[in-house]
2 protein chains.
Amino acid sequence: MSRASEQAYAKIRAHVLSGAARPSEQLTEDQLAQIAGVSRTPVREAVRRLEDELLLVRSDTKRLFVADWSRDDIEEMFALRQMLECHAAERAAARLSREQIAQLEALNRALKAAIELPAPDVAQFLEANRAFHEVIVDAAHSPRLGQMLAKLVEAPVVLRTARTYSPEDLRQSARDHDELIAAFAARDPDWARAVMGSHLRRAFHTFARAVGPAAGE
Amino acid sequence: MSRASEQAYAKIRAHVLSGAARPSEQLTEDQLAQIAGVSRTPVREAVRRLEDELLLVRSDTKRLFVADWSRDDIEEMFALRQMLECHAAERAAARLSREQIAQLEALNRALKAAIELPAPDVAQFLEANRAFHEVIVDAAHSPRLGQMLAKLVEAPVVLRTARTYSPEDLRQSARDHDELIAAFAARDPDWARAVMGSHLRRAFHTFARAVGPAAGE
DNA sequence: CCTCGCGTTATTGTATACAAAACGCGCCCG
DNA sequence: CGGGCGCGTTTTGTATACAATAACGCGAGG
């Protein structure tokens, strides 16, 4: 995207994710234009993207608010992500090149390195993790699938600040990735799908436990 | 959406779907503004929506073109739709109200009526069919799922003019719907999923046969 | 004759001014 | 005392002018 519109997107996103704007708080285009330092035109463009990514929502009469997700919403998003990403893993198993598999191995090494420092580097872990999953989705060769997943993966990041990543969670993720790589190397779509499924489902429960005391759990 | 932007969307969409603009043809915002009878501002808004719906695509340097789908693209979209809508059917089985099931029955009666006229009314069939699937997706109570499906269901419509609906295809659809209703009435998620799966998979093959001589079929 | 660079033109991106619509508040009437 | 209606204010939507950027053609140099 063009410079102003991209900047507007980045700044507004940061503004929302940083928590400077609280859930359900109203935002006006003028406000956002000021924050982003551009005019309302590119702001409107950026806002549309953020709406699409579910970070912002519109009231019935076009007023803009910071999205506020219920537990059900979060559960729904995880379920969709799981469905789509399992599909991606299945397809990727048949399509990943040797180079891509090597890339996955490298990324998972980086991920483990981020864990085992004296103090685990969560940001670095998240980046390696993101890249890892991205390689898989790309290898699925399904552009619309990628597009859909991008939205779902982005969204929960909002709450990342609330998350407390225990060292054991991080290590388990790394082990899952190892097994995924094994499944890919074996070109076994069923295996890949199954591993991805449990990987994400566990992530959901870890997340849910940290985020709030479930309704009936 | 607001009036001008909505009108731009509708007119541009019609322009593309009618075939007045051929696949891969470049469109300029000025052109489209003239066609829609509004200024470029709402056109840009409409274009973003149509891009999102995959009817229009942008070159690497922001120039706008009418989308041209390969057979792989179409196959991909059907696969995604099948995955998502099977999920919707499964969830709907547990959530559909009695009223909604009655509504499905009514819609399927309308659908059958549209078939059996002296000359089948395809437009009416399509409308009843769309409404039928919409009820199911709504009942799944998964807003993002609905949003994703909307895109996928819209898209293939482009080629609908190319489709020749045989009477037998239409009748088979009606039978599938009957079985879906039975599965819902029995509150059987697995049954619902399975029926939806074969319903959509068959639709894909019918579609593929009509649209082009498959790569290796 | 081909190719690289530059100026021209077409096209998209941004800002700003204005129009339309929605909110909220106070007032009037029941 | 409460509810709805009108009016000023706020917020979003649209048009238009201008800026930036990409495509294209043409001419000079190899």
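Reckoned from all heavy atoms, side chains included, excluding hydrogens, waters and symmetry mates. Every chain is numbered from 1 and lettered A, B, ... according to where its sequence line falls, protein lines coming before strand lines. Predicted model only: the values in this text are computed from it and were never measured.
Distances shown here put every side-chain N or O of A:Arg63 at or beyond 4.0 Å from the OP1 or OP2 atom of D:dT12. Contact between the side-chain N/O atoms of B:Thr61 and the OP1/OP2 oxygens of C:dT12 is not found at any separation under 4.0 Å.
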Pair A:Glu6-A:Arg49, salt bridge (charged side-chain N to carboxylate O under 4.0 Å, His left out): steps then yes or no: CA-CA 10 Å; A:Glu6 191 62 27; A:Arg49 269 174 77 187; 3.3 Å; yes
From CA spacing to verdict: salt bridge (charged side-chain N to carboxylate O under 4.0 Å, His left out), A:Lys151, A:Glu53: CA-CA 5 Å; A:Lys151 279 193 247 186; A:Glu53 290 170 10; over 6 Å; no
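Computed from coordinates, the A:Asp60 CG to C:dA21 C1' distance equals 13 Å when rounded to whole Å. Summarising the geometry, the separation between CD on B:Glu45 and C1' on C:dT12 is reported as 16 Å, rounded to the nearest angstrom. Rounded to a whole Å, the CG atom of A:Leu64 is 15 Å from the C1' atom of D:dT10. For the pair B:Arg48 CZ and C:dT14 P, the interatomic distance rounds to 11 Å; values are reported in whole Å. Nucleotide D:dA20 holds its P atom 15 Å from the CD atom of A:Gln7, rounded to whole Å. D:dT11 atom C1' lies 12 Å from atom NZ of A:Lys62, rounded to whole Å. As a whole-Å value, the separation of B:Arg44 CZ from C:dA15 C1' is 12 Å. The CZ-C1' distance, from A:Arg3 to D:dA19, rounds to 12 Å in whole Å.
Remark: A:Leu27, A:Thr28, A:Glu29, A:Arg40 in residues 24-43 of chain A come within less than 4.0 Å of DNA chain D through at least one heavy atom.
In summary, the side chains of B:Ser173 and B:Asp176 do not present any donor paired with an acceptor at a separation below 3.5 Å, with no hydrogens or angles considered. Judged purely by distance below 3.5 Å, without hydrogens or angles, the side chains of B:Glu76 and A:Ser142 pair a donor atom with an acceptor atom.
Residue-environment remark: CZ (A:Arg58) exceeds the threshold of 12 foreign heavy atoms within 6.0 Å.
Of the possible polar contacts, one joining the B:Ser39 side chain to the B:Thr41 backbone as a donor-acceptor pair under 3.5 Å is found.
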